[in-house]
Amino acid sequence: MIAFVSGTVAALAPDTAVIEIGGVGMAVQCTPNTLSTLRLGKPARLATSLVVREDSLTLYGFVDDDERQIFELLQTATGVGPRLAQAMLAVHTPDALRRAVAAGDEKALMAVPGIGKKGAQKLLLEFKDRLGAPVGAPAVGTPVTDGWREQLHAALVGLGYATREADEAVAAVAPQAEAAAGPPQVGRLLKAALQTLNRAR
């Protein structure tokens, strides 16, 4: 298993980073929060999980080992593959997922594209007492100092929403982003955007 990759950020896409290691570019699937911590041409270290399928090898990258462990644990639930596990971590931090499960918060899980009411109830049962207690202070998301609209739009399209829906969701959360005292937080904005999309459906 590839536990982590460390090298220079050679390219960034809406859901992928390419990390150059010894002249080889490793494509790593990442959440918007993880991608927002990376900068082109700068060194980076990502915890990783290699998902092996008959026809593919996909490397998923995370900001730390805790996020990777939660990603792998989520996939032990029935019906949860790497894509859905990554979508859950795109919407919630590991600690936010722990708090949601501990509180039996169906709505928090239903904010993830692809999870309905029954799916949320099933996941709450499966993960009860398995995710553990929150390990840190409540997270507020990663600061995004530039291009938050593009990052948020790309994240929504990456989660399966149509371009028009993503446009409308970005417009809906723009006042919240502009009213923020500091730099907009991509995690909070993504959560707010998903809530507006869920209400519209």
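Note: hydrogens, waters and symmetry copies are ignored here, and every other heavy atom, side chains too, is used.
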From Glu72 atom CD to Asp65 atom CG, the distance as rounded to the nearest 0.5 Å: 9.5 Å
From CD (Gln69) to OG (Ser49), nearest 0.5 Å: 10.5 Å
Sub-4.5 Å side-chain heavy-atom contact between Ile2 and Met26: yes
Joint hydrophobic cluster, Val51 plus Leu84, side-chain heavy atoms closer than 4.5 Å: yes
Ile19 with Leu57, same ILVMFWY side-chain cluster at under 4.5 Å: yes
Side chain proximity check, Leu46 to Leu38, heavy atoms < 4.5 angstrom: yes
In one Ile/Leu/Val/Met/Phe/Trp/Tyr side-chain cluster, 4.5 Å: Ile70, Met88: yes
Phe62: ring pair (Phe, Tyr, Trp, His ring centres under 6.0 Å) partners, not counting sequence neighbours: Phe71
Exercise answer: donor-acceptor pairs, residues 4-16 side-chain atoms, under 3.5 Å, sequence neighbours excluded:
{"from": "Thr16", "atom 1": "OG1", "to": "Gln29", "atom 2": "NE2", "distance (Å)": "3.4"}

Inter-residue atom distance Asp66.CG - Asp95.CG, 0.5 Å rounding: 6.5 Å
For the student: nearest non-hydrogen atoms of Gln176 and Ala192, plus distance: OE1-CB, 3.5 Å
Step-by-step side chain to side chain contact (heavy atoms under 4.5 Å, CB included) determination, Leu97 to Leu74: CA-CA 10 Å; Leu97 282 173; Leu74 290 173; 4.1 Å; yes
For a quick test of your reading: what N or O donor-acceptor pairs under 3.5 Å do the side chains of residues 105-123 make, sequence neighbours left out?
{"from": "Asp105", "atom 1": "OD1", "to": "Lys107", "atom 2": "N", "distance (Å)": "3.2"}
{"from": "Asp105", "atom 1": "OD1", "to": "Ala108", "atom 2": "N", "distance (Å)": "3.1"}
{"from": "Glu106", "atom 1": "OE1", "to": "Lys117", "atom 2": "NZ", "distance (Å)": "2.9"}
{"from": "Glu106", "atom 1": "OE2", "to": "Gln121", "atom 2": "NE2", "distance (Å)": "3.3"}
{"from": "Lys122", "atom 1": "NZ", "to": "Thr78", "atom 2": "O", "distance (Å)": "3.4"}

Qualifying residues under side chain to side chain donor-acceptor pair (under 3.5 Å), relative to Arg130, sequence neighbours excluded: Thr76
Side chain Glu165, main chain Ala162, donor-acceptor under 3.5 Å: yes
Transitive ILVMFWY side-chain link Leu194 to Leu35, under 4.5 Å: no
Pairs where residues 87-110 contributes a residue and the test ring pair (Phe, Tyr, Trp, His ring centres under 6.0 Å) is met, not counting sequence neighbours: none
Rounded distance [0.5 Å steps], OG1 in Thr31 versus CD in Glu67: 5.0 Å
Joint cluster assignment, Leu190 & Tyr60, ILVMFWY side-chain distance < 4.5 Å: yes
Residue pair Thr196 / Ala172: nearest heavy atoms and the distance that separates them: CG2-CB, 4.2 Å
Sequence-distant partners of Glu168, side chain to side chain donor-acceptor pair (under 3.5 Å), two or more places apart: Arg164
Spatial distance of atom OG1 (Thr58) from atom CZ (Arg83) [nearest 0.5 Å]: 7.0 Å
